[in-house]
Amino acid sequence: MIGWGVTAEANAQSRSRHLMEKVDSVLSARYYRKGNIDTAYVLRPQTKWTLKLRLNESGTKIEDKGVDQVGRFKSEMVADRKMTVSLGVTYLGFSLSLALNPAKLLGKYRDYELNLTSYGKRFGFDFSYQDAHNFTGWHETEGMERIELPEDMLTVKTLNLNAYYVFNHRRFSYPAAFSQSYIQRKSAGSFMLGLSGQGQHATLSWEQEMQLKMTNIGIGAGYGYNYVPKQGWLLHISALPTFVVYSRTSMTFGEDRVPLHYHFPEAIITGRSSVVRQLGKKNDKFIGLSMVYTFTNIGNEDNLAIYNAKWRVRAFFGLRL
């Protein structure tokens with residue numbers, strides 16, 4: 001009976017090992033296939049595992065300008081910056097990461113923020129959701145003294161989505177610049193199509209409660225370029241402006257609801273940049289810095305215009321195994 005038990009356990013281990021080897025073989029074939037890329041310009045790293053340490057910092061600013069019964073006015077509100085440290089592991093293109101916010105752990109950061117990114121050869125996107133309560137800023141009206149706006153007066157929930165499609169994906173690699181799952185060997189650029197979406201709900205508790213609700217969808221086109229000055233270096237810059245084709249914006253003062261009409265041109269503009277340095281004879285290490293910046297303008301300054309700016313900077317170091 002003991003011998004039978006040992007044999008059964010050995011057979012189970014053998015089947016499990018065989019299954020894992022088969023899965024690894026399928027994933028490896030999927031990961032390493034050329035996938036319609038020009039290998040003189042773009043390559044897959046010849047490793048299965050990637051470990052990455054990242055330091056992230058993000059910020060948000062909201063401005064409004066307009067005219068009321070008193071005169072021209074302007075406000076500016078800035079949220080506390082968010083800093084996180086994350087550790088990620090990637091196996092044949094599948095990633096898992098854990099992020100920690102030291103200020104959140106110490107109770108000094110009360111906001112909630114979620115960021116998701118996916119950078120593919122042809123398609124990719126940046127998605128973010130922020131529930132911010134820690135805005136501070138000021139408001140001034142023409143001919144009057146500036147008023148400081150303390151924390152907890154403004155609450156803003158914002159959703160942003162910026163997606164792209166790359167035409168020259170055979171030679172131009174977005175992943176090389178932002179996820180390091182490819183390596184750009186020679187300089188190349190590409191025209192792109194873009195789709196942007198933004199939803200925002202802001203509540204300001206001041207002399208009377210004010211609520212602002214916005215939904216905007218934009219489409220457009222832009223250009224990105226990967227510059228390789230010499231082997232092991234990559235400098236990326238891209239701009240993707242999208243013009244708002246659907247807009248629904250309203251503002252409520254107490255019980256009064258004021259619709260804000262579309263004013264051309266309203267746009268959602270996404271800019272991205274990065275610097276990546278490959279290290280080691282086999283490119284088994286890399287280090288770099290990347291940034292994503294989104295700017296939105298809605299409305300008309302002769303009535304009411306709202307400007308949103310959100311940015312994220314990321315420093316990273318990785319090992320390929």
Side-chain angles (χ1 to χ4, degrees), residues 31-32 35 37-59 81-103 113 115-121 124-128 162 164 166 169 171-190 224-240 270-294 310-321:
Y31 183 76
Y32 290 123
I37 61 174
D38 187 338
T39 54
Y41 286 80
V42 181
L43 277 180
R44 271 283 202 191
Q46 296 301 303
T47 54
K48 295 183 178 182
W49 294 89
T50 301
L51 302 179
K52 189 184 296 185
L53 177 66
R54 297 183 296 199
L55 175 64
N56 311 281
E57 184 173 6
S58 61
R81 295 181 181 180
K82 175 191 174 186
M83 294 189 65
T84 61
V85 178
S86 65
L87 179 64
V89 57
T90 301
Y91 176 69
L92 294 175
F94 292 91
S95 300
L96 180 66
S97 65
L98 173 66
L100 297 175
N101 184 338
E113 185 171 343
N115 290 283
L116 298 174
T117 60
S118 176
Y119 295 109
K121 292 181 299 181
F125 65 85
D126 291 287
F127 171 87
S128 68
N162 302 292
Y164 67 82
V166 173
H169 66 277
R171 295 184 174 181
F172 170 81
S173 175
Y174 243 116
F178 290 96
S179 66
Q180 292 74 54
S181 56
Y182 287 82
I183 297 175
Q184 187 82 38
R185 303 180 67 190
K186 297 171 64 175
S187 300
S190 178
Y225 193 75
N226 282 348
Y227 175 53
V228 181
K230 62 180 181 179
Q231 186 176 1
W233 283 93
L234 170 59
L235 308 177
H236 168 89
I237 188 168
S238 61
L240 191 54
T270 303
R272 299 181 177 95
S273 62
S274 74
V275 179
V276 183
R277 175 72 167 104
Q278 306 291 337
L279 303 171
K281 294 182 179 180
K282 297 182 179 180
N283 294 324
D284 56 351
K285 295 181 285 292
F286 57 86
I287 190 170
L289 186 71
S290 66
M291 183 189 74
V292 179
Y293 179 85
T294 303
K310 182 171 179 58
W311 54 269
R312 186 190 73 237
V313 176
R314 173 175 290 166
F316 52 86
F317 172 75
L319 295 173
R320 296 187 177 104
L321 306 174

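Along the sequence shown, residues are numbered consecutively beginning with 1.
In terms of modelled atom types and a separation under 3.5 Å, the side chain of Arg171 and the main chain of Val42 share no donor-acceptor contact. Although no hydrogens or angles enter the test, the distance criterion places a donor-acceptor pair under 3.5 Å between the side chain of Gln184 and the main chain of Ser173. Put simply, the side chain of Ser274 gets close to the backbone of Ala177: a donor and an acceptor are under 3.5 Å apart.
Cation-pi geometry between Arg44 and Tyr182 is met: the NZ or CZ atom falls under 6.0 Å from the ring centre, inside 45° of the normal.
With sequence neighbours excluded, no residue satisfies salt bridge (charged side-chain N to carboxylate O under 4.0 Å, His left out) with Arg185. Annotation: salt bridge (charged side-chain N to carboxylate O under 4.0 Å, His left out) contacts of Lys310 (sequence neighbours excluded): Glu113. In this structure Arg312 satisfies the salt bridge (charged side-chain N to carboxylate O under 4.0 Å, His left out) test together with Asp126, sequence neighbours excluded. Checked against ring pair (Phe, Tyr, Trp, His ring centres under 6.0 Å), Trp49 has the following partners two or more places apart in sequence or in another chain: Tyr91.
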Would you be so kind as to tabulate the donor-acceptor pairs closer than 3.5 Å made by side chains of residues 281-288, with sequence neighbours excluded?
none

For residues 227-240, which side-chain donor-acceptor pairs fall under 3.5 Å, sequence neighbours excluded?
{"unit_1": "His236", "atom_1": "ND1", "unit_2": "Asn226", "atom_2": "OD1", "d": "2.8"}
{"unit_1": "His236", "atom_1": "NE2", "unit_2": "Ser238", "atom_2": "OG", "d": "3.1"}
{"unit_1": "Ser238", "atom_1": "OG", "unit_2": "Tyr174", "atom_2": "OH", "d": "2.7"}

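Of all non-hydrogen atoms in Phe172 and Val166, the two that sit nearest each other are CD2-CG1, 3.7 Å.
Remark: the Arg54 side chain and the Ser86 side chain contain an N/O donor-acceptor pair separated by less than 3.5 Å.
When the options Tyr164, Tyr119, Phe316 are evaluated for a ring pair (Phe, Tyr, Trp, His ring centres under 6.0 Å) with Phe178, the one that passes is Tyr119.
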